[in-house]
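Structure record follows, encoded as structure tokens.
Scope of the values below: all heavy atoms of this structure, side chains included, with no hydrogens, waters or symmetry mates.
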Amino acid sequence: MNKNQKPKLSKDTVRTAKRLLKYVTETYRLRFLLVFVCILLSSVATISVSLSLKFLLDDFIIPLIGEQTPDFSGLYRALGLLGCIFLMGVLATFTYTRMMVYIGQGVLKRIRDDMFEHMQTLPIRYFDQRTNGSIMSLYTNDTDTLRQMISQSIPQVLMSFFTIIVTFISMLLLSPLLTVLAVIMIVVMIIVTRVIGGNSGKYFVRQQKSLADVTGFVEERMNGQRVVKVFNHERKSEQEFDELNEALFVSASRANRFANMMGPVIGNIGNLQFVLTAVLGGFLSVAGIGGITLGVMASYLQFTKSFTQPFMQVAQQFNSIIMALAGAERIFELIDEEPEMDEGYVTLVNAKKDENGTITECKERTGMWAWKHPHSADGSVTYTELKGDVRFEDVTFGYNEDKVILKNISLYAKPGQKLAFVGSTGAGKTTITNLINRFYDIQDGKIRYDGINIRKIKKDDLRRSLGIVLQDTHLFTGTIMDNIRYGKLDATDEEVYAAAKLAHADHFIRMLPNGYNTLLSSDGEELSQGQRQLISIARAAVADPPVLILDEATSSIDTRTESIVQKGMDNLMKGRTVFVIAHRLSTIRNSNAIIVLEHGKIIERGDHEDLIKQRGTYYQLYTGKLELS
């Protein structure tokens, strides 16, 4: 947004408000109806204070003045009735206040559930285009503004709305002439509220956006603090933060400047109305016009104060409502984001072969997998054994239309082969692995898995057949046992132990004080990089996938640790189709095929010996005459 451009409320603000209200009414319809009734009762009880002055003065107090033996029984009964009305108002206020807290928290729970559930369906592209901090801001800052609106602003606005209506009717019954003045002052209050509230609302919307930017920046710098310090980037980071914080300061200060202006302005308009009402009422009373008595004047002046207060309350809550609706729009943008499309219909099933080699589906795990392929033409179902044959046929891909990353790539990996990718940064190595698991879909060409176009395979089943070990490991808060079992949630303890032994992780795990029950936190910062990588390998091993992707899995660890990790990976790669991305060429010498990429094209292919003999790019890289960038 241009800094000189005034921010505008979204055209969909009304639709957002209705959608948010739908969350309340759908989930808590009866409770919200009870809140509605209680607010009405509380409003009536509040107005009774002002209205009672007329009857107490005109019907009880003034007639008793001067009597020798006044009878106070009628006054006592009136005060008793008034006390019951007050008690009803107190109970109604207590009930709706408690109820709105429950409703508010319940609605937030449902919204957070919807957000997180839908977030699981979003494509990787969504997270690549946004910072983690900006997404986290939806769950924290934006939902907190909703909590304040639902539990505080909505009941306050309803209370004010009912109070205004009941007060206006009472004022009209007491004195139609004085009510004309009240109507004029109402128009003035509405105009002032729209002007001041509109300006503060604009800046509150900008404040929420700036707050998300600051949150995202802080989260990013916290994660990259080591990089910041290594490159002496503290001053630059401070400068960038100051710019974002300054934008937040400007929008927040302007928003609150108008918001804080609202109360005093409306209050002074109310004071002016009180004075004008007293003057006009006194004149009409002296002139004998309109039947204005002392009781009428006392009640009407009290109504005048009561009539101004709801406008002030609405004005104060207006800004909270605008902030909440701005946050709700951002939340609904996430909920409305298009989920990852999956048109696949081929599924992965447990299978077994009979004596004739015929594949049949079975429920129990047999160690053999098959692709279940239904054919809509004749209603038949065929089964293809999962072997791990992966082929790219003239594949073209770009993350956007303007920049093509891969250009007519054709390659194959036969079952059990180890295929390695070499090339400079940006050559397209990681992109190829992202296409195999369909994090992104290609623009042209075909990728076949065991002869099946992967577009026909359901994404969950496709990814279930793939194991991935990344350079940047991510461990979740929980025990080591839980983190390894993440690869197969129903894995037994014995399967977890076997996977750890296969990955050469069992020894160091058992050396820890609590062994496999050691609790990890903060992405496993208690462990070394190599230990985290071994757990990541064990996680892939317990899933027992037929196809494995290793994305520079040893590039961030030292040579000594690499030899241990490499043993674990060698065990894991046995009998599997493997795609390897590696900067250290020593780790891929035994690959069946090495593919050299440059600017999205394959420039060399062959095994280590063949490529050395060609004395091309791979030879120069291996001998150190050319370095990877």
> Would a 4.5 Å heavy-atom cut-off, applied to side chains only, mark Leu334 and Glu337 as touching?
Replying inline: no

> Does some side-chain heavy atom of Ile602 sit less than 4.5 Å from a side-chain heavy atom of Ile409?
Replying inline: yes

> Got a donor-acceptor contact below 3.5 angstrom from the Arg485 side chain to the Ala491 backbone?
Replying inline: yes

> In terms of side-chain heavy atoms, does Thr431 have a donor or acceptor partner in Tyr440 at a distance below 3.5 Å?
Replying inline: no

> Can you find a side-chain donor-acceptor pair between Ser465 and Tyr449 that sits under 3.5 Å?
Replying inline: yes

> Between the side chain of Asp342 and the main-chain N/O of Lys459, is any donor-acceptor distance below 3.5 Å?
Replying inline: yes

>> Strictly distance-based, threshold 3.5 Å: is any side-chain N or O of Asp450 a donor or acceptor partner for the main-chain N or O of Lys387?
In response: yes

>> Do the side chains of Arg147 and Asp144 get close enough for a salt bridge, i.e. N-O under 4.0 angstrom?
In response: yes

> Does Thr430 reach the side chain of Ile581, with side-chain heavy atoms less than 4.5 Å apart?
Replying inline: yes

>> Once rounded to the nearest 0.5 Å, what's the spacing between atom OG1 of Thr396 and atom CD1 of Ile405?
In response: 11.5 Å

> Do Lys236 and Glu240 touch side chain to side chain, with heavy atoms closer than 4.5 Å?
Replying inline: yes

> Can you check whether Ser521's main-chain N or O pairs, donor with acceptor, with Glu525's side chain at less than 3.5 Å?
Replying inline: no

> Thr358 and Asn356: side-chain donor and acceptor closer than 3.5 Å?
Replying inline: no

> What are the two closest non-hydrogen atoms of Tyr126 and Ile135, and how far apart are they?
Replying inline: CE2-CD1, 4.0 Å

> Ignoring hydrogens and geometry, is there a side-chain-to-backbone donor-acceptor pair from Gln443 to Gly398 under 3.5 Å?
Replying inline: yes

> What is the distance from atom CG of Leu419 to atom OG1 of Thr577, rounded to the nearest 0.5 Å?
Replying inline: 9.5 Å

> Are Lys446 and Asp394 within salt-bridge range, i.e. N to O under 4.0 Å?
Replying inline: no

> To the nearest 0.5 Å, how far apart are CG in Asp142 and OG in Ser137?
Replying inline: 5.0 Å

>> Is it the case that over 12 heavy atoms from other parts of the model lie below 6.0 angstrom from the NE2 atom of His507?
In response: no

> Do other residues, nucleotides or ligands put more than 12 heavy atoms under 6.0 Å from His118 NE2?
Replying inline: yes

> So which heavy atom on Asn350 is nearest to which on Thr366, and how close?
Replying inline: OD1-N, 4.2 Å

> Would a 4.5 Å heavy-atom cut-off, applied to side chains only, mark Arg576 and Asp544 as touching?
Replying inline: yes

> Does atom CZ of Arg365 have more than 12 heavy-atom neighbours from other groups under 6.0 Å away?
Replying inline: yes

> Just by distance, do the side chain of Asn483 and the backbone of Phe476 share a donor-acceptor pair under 3.5 Å?
Replying inline: yes

>> Check Arg330 with Glu333, please: is the shortest side-chain N to carboxylate O separation under 4.0 Å?
In response: no

> Would you say the side chain of Asn245 lies within less than 4.5 Å of the side chain of Phe217, judging by non-hydrogen atoms?
Replying inline: no

> Are Asp506 and Tyr516 linked by a side-chain donor-acceptor pair shorter than 3.5 Å?
Replying inline: yes

> Taking the side chain as C-beta and beyond, is there a heavy-atom pair between Ile432 and Leu406 under 4.5 Å?
Replying inline: yes

> Hey, mind stepping through Glu526 and Arg532 against side chain to side chain contact (heavy atoms under 4.5 Å, CB included) and telling me if it holds?
Replying inline: CA-CA 9 Å; Glu526 305 93 336; Arg532 293 200 294 269; over 6 Å; no

> If you draw the axis of the six-membered ring of Tyr622, does the NZ or CZ of Arg589 fall within 45° of it and under 6.0 Å from the ring centre?
Replying inline: no

>> Determine whether Tyr23 and Ile150 satisfy the following criterion, side chain to side chain contact (heavy atoms under 4.5 Å, CB included), listing intermediate values before the conclusion.
In response: CA-CA 11 Å; Tyr23 268 92; Ile150 295 172; over 6 Å; no

>> Walk me through whether Lys458 and Tyr345 qualify under side chain to side chain contact (heavy atoms under 4.5 Å, CB included).
In response: CA-CA 6 Å; Lys458 289 185 72 67; Tyr345 52 86; 5.6 Å; no

> What are the two closest non-hydrogen atoms of Thr384 and Ile359, and how far apart are they?
Replying inline: C-CD1, 4.3 Å

> Of the non-hydrogen atoms in Ser591 and Ile588, which two are nearest, and what is the gap between them?
Replying inline: OG-O, 2.9 Å

> Salt bridge between Glu340 and Arg463, side-chain N to carboxylate O under 4.0 Å?
Replying inline: yes

>> Just to verify, which of Glu604, Arg605, His608 counts as forming a side-chain hydrogen bond (donor to acceptor under 3.5 Å, both in side chains) with Tyr618?
In response: His608

>> Does this structure show an ion pair linking Arg110 with Asp113, if we count only N-O contacts that are shorter than 4.0 Å?
In response: no

> Which heavy-atom pair separates Gly388 from Val547 by the least distance, and what is that distance?
Replying inline: CA-CG2, 3.7 Å

>> Other residues, nucleotides and ligands only: do more than 12 of their heavy atoms fall within 6.0 Å of CD on Glu117?
In response: no

>> With a 6.0 Å cut-off (strictly less than), is the heavy-atom count around OH of Tyr399, excluding the residue itself, greater than 12?
In response: yes

>> What I want to find out is whether Arg19 reaches Asp336 closely enough, with some N-O distance under 4.0 Å, to be called a salt bridge.
In response: yes

>> What's the separation between atom OG1 in Thr492 and atom CG in Asp490, rounded to the nearest 0.5 Å?
In response: 9.0 Å

>> Any non-hydrogen side-chain atom of Lys429 less than 4.5 Å from a side-chain atom of Thr433?
In response: no

>> Quick one, Leu20 with Ile111, criterion side chain to side chain contact (heavy atoms under 4.5 Å, CB included). Give me CA distance, side-chain angles, the key distance, then yes/no.
In response: CA-CA 9 Å; Leu20 191 58; Ile111 289 177; 3.9 Å; yes

> Would a distance-only check, ignoring hydrogens and angles, find a side-chain to backbone donor-acceptor pair under 3.5 Å from Thr143 to Tyr139?
Replying inline: yes

> For Ala499 and Ala541, which heavy atoms make the closest approach, and how far apart are they?
Replying inline: CB-CB, 4.0 Å

> Can you tell me how far the CG atom of Leu466 sits from the CZ atom of Arg438, to the nearest 0.5 Å?
Replying inline: 12.0 Å

> Salt bridge between Lys418 and Asp607, side-chain N to carboxylate O under 4.0 Å?
Replying inline: no

>> Nearest 0.5 Å, please: how far is CG in Leu512 from CG in Leu527?
In response: 6.5 Å

>> For a quick check under 3.5 Å, do His375 and Thr382 share a side-chain donor-acceptor pair by atom type?
In response: yes

>> For Phe127, I'd like to know if atom CZ has over 12 heavy atoms of other residues, nucleotides or ligands within 6.0 Å.
In response: yes

